[in-house]
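We count residues from 1, following the sequence as given.
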Amino acid sequence: MTIRLLLVDDDPLVRAGLTFMLGGAEDIEIVGEAADGSQVPQAVDELKPDVVLMDIRMPVVDGLTATEELRARADAPEVVVLTTFHADEQVLRALRAGAAGFVLKDTPPAEIVAAVRRVAAGDPVLSPAVTQQLITHVAGAGGAEERKDRAQRRLGQLADREREVAVAVGRGCSNAEIAAELYMSVPTVKTHVSRVLAKLDLNNRVQIALLAHDAGLLDGTGDVG
């Protein structure tokens with residue numbers, strides 16, 4: 001299957017570089033470009049991309065607003081945020097809005113290609129290291145015990161298998177990695193992840209990771225259930 005990709009960045013040199021990087025992949029077709037978030041809705045309507053590679057910082061409508069508006073649509077393509085920052089509030093806002101992950105602008109070309117493929121296949125682009133950075137950034141200092149108690153109460157709503165999947169998500173594992181580790185199929189993993197999100201009223205896997213971290217389940221200090 002060919003992955004239809006839309007590039008969104010206000011810098012024409014960046015778009016040209018991405019086109020050069022991604023154009024050589026036989027399974028990726030760059031169907032169009034946009035220079036600002038304001039152009040995204042029309043481009044998506046006309047070009048029907050599977051994945052949008054979205055810059056965060058653009059002058060008229062930024063990538064965050066564009067991502068939020070795009071992911072609110074019933075037929076929304078997946079969004080990968082393109083940024084120069086490893087972990088900041090803007091990245092987190094994009095992930096909360098439903099972006100499937102993010103890549104840094106200085107990421108090696110092969111990794112950007114792999115990221116597009118992973119998102120198109122339904123897996124997030126969040127490595128364990130990146131997940132930990134985001135957790136550390138958001139968790140901050142103070143109120144750790146209160147956060148831990150609150151997180152454990154929420155995770156206590158989950159069945160045992162769902163909790164195991166939540167912990168694996170917290171470690172940054174992909175659906176395929178979770179399936180191999182817990183001896184289940186990838187569709188079953190996706191079902192469990194969907195149930196966790198629904199039961200806990202969460203928007204994405206990063207929020208699952210934050211809860212697992214706050215509950216102490218990633219460092220072995222938590223006891224839920």
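- Here side chain to side chain donor-acceptor pair (under 3.5 Å) pairs that include residues 12-30, with residues two or more places apart or in two chains, are Arg15-Glu33, Thr19-Glu33, Asp27-Arg117.
- Residues meeting the side-chain hydrogen bond (donor to acceptor under 3.5 Å, both in side chains) test with Asp201, sequence neighbours left out: none.
- Proximity of a side-chain donor or acceptor of Arg163 to a complementary backbone N or O of Leu158 within less than 3.5 Å is detected.
- Looking at every heavy atom in both residues, Asp9 comes nearest to Asp11 through OD1-N, 2.8 Å.
- A salt bridge between Asp75 and Lys48 is absent, with no side-chain N of the basic residue lying under 4.0 Å from a carboxylate O of the acidic one.
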Begin from the C-alpha positions of Val116 and Val80 and carry the test side-chain contact (heavy atoms from CB on, under 4.5 Å) through to its verdict. CA-CA 8 Å; Val116 170; Val80 179; 5.5 Å; no

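- Evaluation of the side-chain contact (heavy atoms from CB on, under 4.5 Å) rule for Glu46 yields Gln42 as partners, not counting sequence neighbours.
- By the criterion of side-chain heavy atoms lying less than 4.5 angstrom apart, applied directly or through intervening Ile, Leu, Val, Met, Phe, Trp or Tyr residues, Met21 is grouped together with Val119 in one hydrophobic cluster.
- Annotation: side-chain hydrogen bond (donor to acceptor under 3.5 Å, both in side chains) contacts of Thr188 (sequence neighbours excluded): Ser185.
- Minimum heavy-atom separation, Ile30 to Leu22: CD1-CB, 4.0 Å.
- The two residues Pro49 and Pro77 come nearest to each other via the heavy atoms O-CB, 3.2 Å.
- Considering only residues two or more places apart in sequence or on other chains, Glu69 meets the side-chain hydrogen bond (donor to acceptor under 3.5 Å, both in side chains) condition with none of them.
- Scored by the salt bridge (Lys or Arg N to Asp or Glu O under 4.0 Å) test, Lys199 finds Glu162 as partners (sequence neighbours excluded).
- Asp45 meets the side-chain hydrogen bond (donor to acceptor under 3.5 Å, both in side chains) test with Arg73; sequence neighbours excluded.
- Counting only heavy atoms from C-beta outward, the side chains of Leu70 and Val52 approach each other to under 4.5 Å.
- Taking Leu197 as the reference, Val193, Leu202, Ile208 meet the side-chain contact (heavy atoms from CB on, under 4.5 Å) condition, with sequence neighbours excluded.
- Residues Ile28 and Thr2 approach most closely at C-CG2, 4.4 Å, considering heavy atoms.
- Of the options Leu6, Asp62, Val79, a side chain to side chain contact (heavy atoms under 4.5 Å, CB included) to Met54 is made by Val79 and by none of the others.
- Hydrophobic clustering (side-chain heavy atoms under 4.5 Å, transitive across Ile, Leu, Val, Met, Phe, Trp, Tyr) groups Val44 together with Leu47.
- Residues Met1 and Val51 fall within the same hydrophobic cluster, defined by Ile, Leu, Val, Met, Phe, Trp and Tyr side chains chained together at heavy-atom separations under 4.5 Å.
- Cluster annotation: Val196 is not connected to Val186 through the hydrophobic network of ILVMFWY side chains, with a link wherever side-chain heavy atoms come within less than 4.5 Å.
- Applying the under-4.5 Å side-chain rule to Ile, Leu, Val, Met, Phe, Trp and Tyr, the cluster around Val60 extends to Val61.
- Looking at Ile112, Leu82, Val113 one by one, the single match for side chain to side chain contact (heavy atoms under 4.5 Å, CB included) with Thr107 turns out to be Ile112.
- Taking 4.0 Å as the cut-off between side-chain N and carboxylate O, Glu111 and Arg118 do not count as a salt-bridged pair.
- The CG atom of Leu53 sits 13.0 Å away from the CD atom of Glu78 when rounded to the nearest 0.5 Å.
- The two residues Phe102 and Thr83 come nearest to each other via the heavy atoms CD1-CG2, 3.7 Å.
- Annotation: side chain of Leu5 is not in contact with side chain of Asp50 (no heavy-atom distance under 4.5 Å).
- Looking at Arg153 and Lys148, their side chains never come closer than 4.5 Å, going by heavy atoms from C-beta outward.
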Go through Asp55 and Val8 one step at a time and tell me if the side-chain contact (heavy atoms from CB on, under 4.5 Å) criterion holds. CA-CA 6 Å; Asp55 186 26; Val8 184; 5.7 Å; no

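- For the pair Arg161 (side chain) and His192 (backbone), a donor-acceptor distance under 3.5 Å is absent.
- Note on residues 185-197: no pairs pass salt bridge (charged side-chain N to carboxylate O under 4.0 Å, His left out), not counting sequence neighbours.
- Judged as a side-chain contact (heavy atoms from CB on, under 4.5 Å), and not counting sequence neighbours, the contacts of Glu177 are Cys173, Ser174.
- Shortest non-hydrogen contact noted between Pro41 and Gly37 is CD-O, 3.6 Å.
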